[in-house]
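Down below is the structure, laid out as structure tokens.
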Amino acid sequence: LWGWGLNSDGRLGNGSNTNILLPTQIGTATNWISAIAGYSYTVAVKSNGAIFTAGSNGFNQLGDGSWTDQNTLMQIGNDLTWKTAAASESQIVALQEDGSLWSWGDNSYGQLGYGDNDAEGTPGMVICAALGLDDQIMAPAFAIYPNPVATELNLQLSGAGAIDHVVIADLSGKIILDKKGNTEKV
């Protein structure tokens with residue numbers, strides 16, 4: 001991993017807040033698969049599926065649950081299933097190997113996809129709203145992933161109950177799938 005440029009809030013992750021004028025290796029690890037620059041921070045993913053961040057944390061975008069700037073790359077959580085990430089001015093979205101989408105950081109305009117506008121300091125799964133759940137299921141936590149779907153859609157229901165009928169319609173209301181039976185994948 002190499003970095004250079006403005007480093008006033010430690011965004012390069014080299015343990016310093018000093019600007020770097022020439023490309024400089026950050027640490028000694030050689031198994032980085034991606035590095036993405038946000039406005040004043042960096043997010044990077046290793047080939048083992050670990051995700052790291054460094055830099056400004058003024059909007060909780062580093063994902064460590066604090067508001068503290070970090071000038072060294074720090075691993076976020078213990079998951080080793082991260083595939084890729086994207087950064088904007090003050091929030092991160094990341095994809096795990098199972099296709100699930102996660103986000104954290106600034107959420108002033110609902111950009112994290114949680115249905116509110118509260119900042120989130122640690123990675124949280126973006127959950128699609130479940131419409132038309134039977135009255136027999138009381139307040140379930142329901143997740144649909146990946147989004148967008150490639151070939152298989154995963155349905156996850158926590159708590160009591162089972163998914164026994166799935167109807168999927170496109171934006172015009174045309175039904176594209178109507179499947180009955182206890183299922184977690186369609």
Side-chain angles (χ1 to χ4, degrees), residues 1 3 5-13 17 26 32-46 49-133 137-150 152-159 163 168-171:
L1 184 65
L6 182 63
N7 197 26
S8 59
D9 23 31
R11 69 188 76 183
L12 298 178
N17 288 30
I26 309 299
W32 299 101
I33 59 172
S34 67
I36 301 92
Y39 180 72
S40 58
Y41 66 97
T42 300
V43 57
V45 179
K46 283 188 171 183
I51 194 166
F52 291 76
T53 59
S56 172
N57 204 16
F59 291 95
N60 241 261
Q61 67 267 35
L62 296 185
D64 66 345
S66 80
W67 295 87
T68 306
D69 295 352
Q70 298 289 333
N71 66 9
T72 57
L73 285 164
M74 61 179 175
Q75 184 173 342
I76 304 306
N78 296 317
D79 285 341
L80 297 177
T81 56
W82 298 104
K83 187 174 179 180
T84 189
S88 70
E89 183 174 341
S90 54
Q91 69 270 353
I92 295 172
V93 294
L95 201 59
Q96 289 198 346
E97 291 171 358
D98 66 1
S100 59
L101 183 65
W102 297 68
S103 63
W104 60 96
D106 182 29
N107 196 27
S108 298
Y109 304 99
Q111 62 267 43
L112 296 181
Y114 297 152
D116 61 27
N117 61 353
D118 299 327
E120 181 58 51
T122 57
M125 185 188 289
V126 177
I127 298 174
C128 297
L131 303 176
L133 289 176
I137 302 173
M138 301 300 292
F142 190 78
I144 302 172
Y145 61 93
N147 185 11
V149 67
E152 184 175 82
L153 183 65
N154 297 290
L155 309 173
Q156 181 180 349
L157 177 67
S158 64
I163 302 168
I168 299 176
D170 65 16
L171 293 175

4.5 Å side-chain heavy-atom contact, [X] and [Y]:
{"X": "Leu6", "Y": "Arg11", "value": "yes"}
{"X": "Val43", "Y": "Ile51", "value": "yes"}
{"X": "Glu120", "Y": "Asp118", "value": "no"}
{"X": "Asn107", "Y": "Asp116", "value": "yes"}
{"X": "Trp104", "Y": "Ile92", "value": "yes"}
{"X": "Lys83", "Y": "Val45", "value": "no"}
{"X": "Ser8", "Y": "Asn17", "value": "no"}

Heavy-atom pair with the smallest gap, counting every atom of [X] and [Y]:
{"X": "Ala54", "Y": "Gly10", "value": "CB-O, 3.8 Å"}
{"X": "Ala85", "Y": "Ile36", "value": "O-CD1, 3.3 Å"}
{"X": "Leu80", "Y": "Ala50", "value": "CD2-CB, 3.7 Å"}
{"X": "Leu1", "Y": "Trp32", "value": "CB-CD1, 3.3 Å"}
{"X": "Tyr114", "Y": "Met125", "value": "CE2-O, 3.7 Å"}

List, one per line, each side-chain donor-acceptor pair under 3.5 Å for residues 55-66, sequence neighbours excluded.
residue: Asn57; atom: OD1; partner: Gln61; partner atom: N; Å: 3.0
residue: Asn57; atom: OD1; partner: Leu62; partner atom: N; Å: 2.9
residue: Asn57; atom: ND2; partner: Asp64; partner atom: OD1; Å: 3.2
residue: Asn57; atom: ND2; partner: Ser66; partner atom: O; Å: 2.7
residue: Asn57; atom: ND2; partner: Ser66; partner atom: OG; Å: 3.4
residue: Asn57; atom: ND2; partner: Thr68; partner atom: O; Å: 3.4
residue: Asn60; atom: OD1; partner: Gly121; partner atom: N; Å: 3.1
residue: Asn60; atom: ND2; partner: Ser66; partner atom: O; Å: 3.4
residue: Gln61; atom: OE1; partner: Phe59; partner atom: N; Å: 2.8
residue: Gln61; atom: NE2; partner: Ser56; partner atom: O; Å: 3.0
residue: Asp64; atom: OD1; partner: Ser66; partner atom: N; Å: 3.0
residue: Asp64; atom: OD1; partner: Ser66; partner atom: OG; Å: 3.0
residue: Asp64; atom: OD2; partner: Ser66; partner atom: OG; Å: 3.0
residue: Ser66; atom: OG; partner: Thr68; partner atom: N; Å: 3.1

Open item on the list: For Ser100 and Trp102, which I'm curious about, is there any donor-acceptor pair between the side chains at under 3.5 Å?
Closed with: yes
TODO: Would you tell me whether Asp9 and Asn71 have side-chain atoms, one donor and one acceptor, within less than 3.5 Å of each other?
DONE: no
Open item on the list: With a 3.5 Å distance limit and no angle check, can you tell me whether Asn117 reaches the backbone of Tyr109 through a side-chain donor-acceptor pair?
Closed with: no
Open item on the list: Any side-chain to backbone donor/acceptor pair from Tyr41 onto Leu12? Under 3.5 Å, distance only.
Closed with: no
Open item on the list: Restricting to side-chain hydrogen bond (donor to acceptor under 3.5 Å, both in side chains), what partner residues turn up for Ser108, sequence neighbours left out?
Closed with: Asp106
TODO: Could I get the full list of side-chain hydrogen bond (donor to acceptor under 3.5 Å, both in side chains) partners for Tyr39, not counting sequence neighbours?
DONE: none
TODO: Measure the spacing between CD1 of Ile33 and OG1 of Thr84 and express it to the nearest 0.5 Å.
DONE: 7.0 Å
Open item on the list: Applying side-chain hydrogen bond (donor to acceptor under 3.5 Å, both in side chains) to Thr81 and Glu97, what does each step give before you reach the verdict?
Closed with: CA-CA 5 Å; Thr81 56; Glu97 291 171 358; 5.8 Å; no
Open item on the list: Using the rule given for side chain to side chain contact (heavy atoms under 4.5 Å, CB included), can you reason through Phe52 versus Met74, listing the C-alpha separation, both sets of side-chain angles and the distance that settles it, and then say yes or no?
Closed with: CA-CA 5 Å; Phe52 291 76; Met74 61 179 175; 5.5 Å; no
